[in-house]
Amino acid sequence: MIADQRTRAAIEEHWRASEAGDLAAEHALYAEDAILDYPQSDERFRSRTTIAAHPADRHFTVLRISGSGDLWVSECVITYDGAPTYSVSIMEFTDGRVAHETQYFAAPFPAPQSRAGFAERIPA
């Protein structure tokens, strides 16, 4: 339980640092040989240094963090170069650091009218 609380706090700090543009604090969570995958663009970044180097104007709104042990998921809205996109980050930990992260991105889209009678809006 205490290890999970520490991991959650480290992930929360990671996202806070990301939003603040504090690259050192943002990337402290990653192992030196960490891997970051973006399946939708078929990109793999190897090493903490490489992960920290890719440029973008990014902002994060964390919606939820869940997990335990060595597997944690963050649901976020990332505004990347000015465009908001939903993101799911799956972090796999080894020895207290992220060894592998996979991020999935999904652009928002309007709900089809055909579902209007079946669904309600998600509260902000």
Side-chain angles (χ1 to χ4, degrees):
M1 179 76 92
I2 292 173
D4 283 352
Q5 291 170 343
R6 276 194 295 255
T7 301
R8 175 182 288 281
I11 294 168
E12 289 170 349
E13 176 55 27
H14 164 78
W15 293 121
R16 269 193 301 275
S18 295
E19 177 58 26
D22 183 345
L23 292 178
E26 174 185 0
H27 295 94
L29 187 63
Y30 294 100
E32 283 293 328
D33 60 349
I35 293 172
L36 170 61
D37 288 339
Y38 291 172
Q40 286 148 305
S41 58
D42 197 29
E43 294 175 283
R44 173 169 279 176
F45 302 90
R46 290 185 181 271
S47 85
R48 180 191 308 160
T49 303
T50 302
I51 292 167
H54 73 15
D57 178 20
R58 318 169 280 151
H59 299 281
F60 296 89
T61 301
V62 177
L63 304 174
R64 179 168 60 169
I65 297 171
S66 58
S68 65
D70 293 334
L71 185 62
W72 288 80
V73 176
S74 298
E75 297 174 53
C76 306
V77 174
I78 177 174
T79 302
Y80 196 85
D81 290 336
T85 302
Y86 288 91
S87 175
V88 174
S89 165
I90 302 169
M91 294 179 171
E92 300 171 61
F93 285 77
T94 301
D95 298 326
R97 301 250 185 249
V98 174
H100 187 216
E101 179 181 15
T102 303
Q103 290 188 1
Y104 295 95
F105 303 95
F109 58 88
Q113 187 61 33
S114 62
R115 294 196 305 243
F118 302 100
E120 61 188 68
R121 297 200 50 86
I122 297 172

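Position 1 is the first residue of the sequence, and the numbers go up from there.
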J.: Please report the shortest heavy-atom distance between S68 and D4, naming the atom on each side.
T.: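 Closest approach of S68 to D4, heavy atoms only: CB-OD2, 3.3 Å.
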J.: Measure the OG1-CZ distance between T79 and R58 for me, rounded to the nearest 0.5 Å.
T.: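 Rounded to the nearest 0.5 Å, the OG1-CZ separation comes out at 12.0 Å.
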J.: Working to the nearest 0.5 angstrom, can you tell me the gap between I35 CD1 and R46 CZ?
T.: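 Output value for this atom pair is 4.5 Å.
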J.: Look up atom OG1 in T50 and atom NE2 in H27, then write down how far apart they are to the nearest 0.5 Å.
T.: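 If I round to the nearest 0.5 Å, the distance is 10.5 Å.
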J.: Enter the distance from T7:OG1 to E12:CD here, rounded to the nearest 0.5 Å.
T.: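 The distance works out to 11.0 Å.
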J.: Do any N or O atoms from the side chain of R8 and from the backbone of I65 form a donor-acceptor pair under 3.5 angstrom?
T.: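 Confirmed, R8 side chain pairs with I65 backbone.
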J.: Suppose we screen for ring-ring contact (aromatic ring centres under 6.0 Å, His included). Which residues come up paired with Y104, at least two apart in sequence or across chains?
T.: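 If we apply the ring-ring contact (aromatic ring centres under 6.0 Å, His included) test to Y104, skipping adjacent residues, there are no hits.
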J.: Verify the cluster assignment for F45 and L29: are they in a single hydrophobic cluster under the rule of side-chain heavy atoms below 4.5 Å apart?
T.: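 As far as the 4.5 Å side-chain criterion goes, L29 and F45 are connected within one cluster.
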J.: Which atom names give the shortest non-hydrogen contact between Q103 and P39, and what distance separates them?
T.: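 Closest approach of Q103 to P39, heavy atoms only: O-CD, 3.3 Å.
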J.: With side chains defined as the heavy atoms from C-beta onward, is the minimum distance between Y80 and T85 less than 4.5 Å?
T.: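 Of all side-chain heavy-atom pairs linking T85 with Y80, none is under 4.5 Å.
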J.: Looking at residues at least two apart in the chain, or sitting in another chain, which of them share a side chain to side chain contact (heavy atoms under 4.5 Å, CB included) with D42?
T.: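 Residues passing side chain to side chain contact (heavy atoms under 4.5 Å, CB included) with D42: none at all.
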J.: Do other residues, nucleotides or ligands put more than 12 heavy atoms under 6.0 Å from the CD atom of Q40?
T.: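 It does: Q40 CD has more than 12 such atoms within range.
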J.: Do F105 and I90 sit in the same hydrophobic cluster, where Ile, Leu, Val, Met, Phe, Trp and Tyr count as joined when their side-chain heavy atoms come under 4.5 Å apart?
T.: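 No; tracing contacts between hydrophobic side chains, which count when under 4.5 Å, never links both residues.
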J.: Under the side chain to side chain contact (heavy atoms under 4.5 Å, CB included) test, which residues partner S41, sequence neighbours left out?
T.: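 Only Y38, E43 meet the side chain to side chain contact (heavy atoms under 4.5 Å, CB included) criterion with S41.
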J.: Using ring-ring contact (aromatic ring centres under 6.0 Å, His included) as the criterion, list what pairs up with F60, not counting sequence neighbours.
T.: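 Applying ring-ring contact (aromatic ring centres under 6.0 Å, His included) to F60 gives W15.
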J.: To the nearest 0.5 angstrom, please state how far the CZ atom of R6 sits from the CD1 atom of I11.
T.: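 R6 CZ to I11 CD1: 13.5 Å, rounded to 0.5 Å.
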J.: By side chain to side chain contact (heavy atoms under 4.5 Å, CB included), which residues pair with E120, not counting sequence neighbours?
T.: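 Counting only residues at least two positions away or on another chain, E120 forms no side chain to side chain contact (heavy atoms under 4.5 Å, CB included).
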J.: Please determine if R16 and E19 form a salt bridge, counting it only when a charged side-chain N lies under 4.0 Å from a carboxylate O.
T.: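 Not counted as a salt bridge, because no side-chain N and carboxylate O are separated by less than 4.0 Å.
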J.: For the atom pair NE2 (H100) and CG (L71), what is the distance rounded to the nearest 0.5 Å?
T.: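 Atom-to-atom, H100:NE2 and L71:CG are 11.5 Å apart.
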J.: Only counting residues at least two apart or in another chain, list the ones meeting side chain to side chain contact (heavy atoms under 4.5 Å, CB included) with I122.
T.: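 Counting only residues at least two positions away or on another chain, I122 forms no side chain to side chain contact (heavy atoms under 4.5 Å, CB included).
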J.: Taking D37 for its side chain and E101 for its backbone only, find out whether a donor-acceptor pair lies under 3.5 Å.
T.: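 Side chain of D37 to backbone of E101: no pair is present.
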J.: Between R97 (side chain only) and A28 (backbone N and O only), is there a donor and an acceptor less than 3.5 Å apart?
T.: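 Yes, because the side chain of R97 sits within donor-acceptor range (under 3.5 Å) of the backbone of A28.
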J.: Look at the side-chain heavy atoms of Ile, Leu, Val, Met, Phe, Trp and Tyr, link any pair under 4.5 Å apart, and say whether I51 and V98 land in one connected group.
T.: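 Linked, I51 and V98 end up in one cluster.
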J.: Would you say Y86 and L63 make side-chain contact, with heavy atoms under 4.5 Å?
T.: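 In short, these two side chains touch, coming nearer than 4.5 Å.
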J.: Does any non-hydrogen side-chain atom of H14 lie less than 4.5 Å from one of Y30?
T.: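 Result yes, sub-4.5 Å side-chain heavy-atom pair found.
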J.: Give me the atom names and distance for the closest heavy-atom approach of P108 to P84.
T.: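 Minimum heavy-atom separation between P108 and P84: CD-O, 3.4 Å.
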